[in-house]
2 protein chains.
Amino acid sequence: MTQFRSACPIASALDIVGDKWSLVIVRSMVVGATSYSDLLSTPEKISTNILAERLRRLEDAGLIRQSQPRQGSIRGAYALTAKGAALIPVVQELARWGEAQIPDRWTPPERFYAARPSDYAARDGDRAAD
Amino acid sequence: MTQFRSACPIASALDIVGDKWSLVIVRSMVVGATSYSDLLSTPEKISTNILAERLRRLEDAGLIRQSQPRQGSIRGAYALTAKGAALIPVVQELARWGEAQIPDRWTPPERFYAARPSDYAARDGDRAAD
DNA sequence: TTTTTAACTTGCAAAATGCAAGCGAGAAGT
DNA sequence: ACTTCTCGCTTGCATTTTGCAAGTTAAAAA
């Protein structure tokens, strides 16, 4: 992203994550997805080029990081940074809205609503467990 | 919108409001915007065709309603429905994230964080004050 | 009765999204 | 050790969404 539309925190937040995919990627990571293929195999069927580009953008924005930069050109697993994990309350509120206002939605797993940003913040700079 | 990507409440919520403009329109209405021109004159500079289309979509989705259907073909003022007002916690969390994670953002007015969905729910079906 | 203003619509260019196929490197099978 | 498989992407192209600029319609104001 190049510029913010305004200095409004809401509009600016949406300049970063206000597309159809970024927050579903965050959701997937909150419930345990770490690899490219984890994120691809989600029921929403994101296409591979979009996933790759979104991961790059989210990494550039500092919301995720590569926890295992593999040897060769191939990249490994992804994890939320503290800044990315700070979005957890946002996706939890979205989930509550969706559950309450849209018929026949799934109930997220318990660990989803239990997740807290601080669970991730402490790990920043660490490598994921091998 | 025609279909949901999945039955996930988050993905589905984003199928409805997961674009760059819907939630800034909700934000504007929470802080008092009611007319088309109020919504146009926001610092984010939404273009008029997008605003018109978004208002139609939000109305079709039941998030807003026209509180004063004027005579002639011209439509009047808009208001949040209970379903739309239920998004208030979502935009409040987005605002908190933006304030905390993006440098130099505005602090929203007090009434923004004070707003509660129930302030709007009771008015559903009413006409706005003239 | 001419001019403004408010609420849009229309036309077209640009950007984002989506589908399908391909590619390079390491792991796995034989 | 050599072929095959899988993973993590990239590339090409069609479709959809977004954005800018200008035009339209009806009511209100001058």
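Proteins come first, then strands; the chains are lettered A, B, ... in the order of their sequence lines, and each starts at number 1.
- Taking 4.0 angstrom as the limit, A:W21 places none of its side-chain polar atoms (N or O) nearer than this to OP1 or OP2 of C:dA16.
- Take the nearest nucleotide of DNA chain D for A:S35 and for B:E53: the residue whose nucleotide is more 5' is A:S35.
- Residue contacts for B:N49: at a heavy-atom cut-off of 4.0 Å it reaches a base atom on one of the strands shown.
- Between A:D38 atom CG and D:dG8 atom P the separation is 8 Å, expressed in whole Å.
- A:T48 comes within 4.0 angstrom of a nucleotide base, judged by non-hydrogen atoms across all strands.
- Contact annotation: B:R56 does not reach the phosphate of C:dA7 (side-chain N/O to OP1 or OP2, under 4.0 Å).
- Protein atom CG of B:L39 is 13 Å distant from nucleotide atom C1' of C:dA6, rounded to whole Å.
- When the nucleotides C:dC8, D:dT10, C:dC19 are ranked by their closest atom to the side chain of A:S47, C:dC19 comes out on top.
- Take the nearest nucleotide of DNA chain D for A:Y36 and for B:I46: the residue whose nucleotide is more 5' is A:Y36.
- Summarising the geometry, the separation between CG on B:L40 and C1' on D:dA22 is reported as 15 Å, rounded to the nearest angstrom.
- With respect to B:R27 and B:E44, a salt bridge is recorded, a charged nitrogen being found less than 4.0 Å from a carboxylate O.
- In this structure, the nucleotide among C:dT17, D:dC9, D:dT18 sitting nearest to the side chain of A:I50 is C:dT17.
- A:Y120 and A:T81 share no donor-acceptor pair across their side chains, judged by distance under 3.5 Å alone.
- The existence of a salt bridge linking A:R96 and A:E93 is confirmed by a sub-4.0 Å separation between a basic side-chain nitrogen and an acidic carboxylate oxygen.
- Counting to the nearest Å, the P atom of D:dG19 and the NZ atom of B:K20 are 8 Å from each other.
- Look at CD on A:Q3: it is 14 Å from P on D:dG19, rounded to the nearest Å.
- A salt bridge links A:R5 with A:D15: at least one charged nitrogen is closer than 4.0 Å to a carboxylate oxygen.
- Within 4.0 Å of A:R57, counting heavy atoms only, lies no atom of the nucleic acid at all.
- Atom CD1 in B:I25 sits roughly 13 Å away from atom C1' in D:dT18 (whole-Å rounding).
- Rounded to whole angstrom, the span from the CG atom of A:L51 across to the C1' atom of D:dC9 amounts to 9 Å.
- With rounding to whole Å, B:E44 atom CD is found 18 Å from D:dC20 atom C1'.
- Listed pair B:Y78 / C:dC8 meets the phosphate criterion, a side-chain N or O lying under 4.0 Å from OP1 or OP2.
- In the model, A:R105 has a side-chain atom that pairs as donor or acceptor with a side-chain atom of B:S12 under 3.5 Å.
- Checking the phosphate oxygens (OP1, OP2) of D:dT18, a side-chain nitrogen or oxygen of B:R54 falls inside 4.0 Å.
- In terms of phosphate contacts, B:S37 brings no side-chain nitrogen or oxygen within less than 4.0 Å of OP1 or OP2 of C:dA6.
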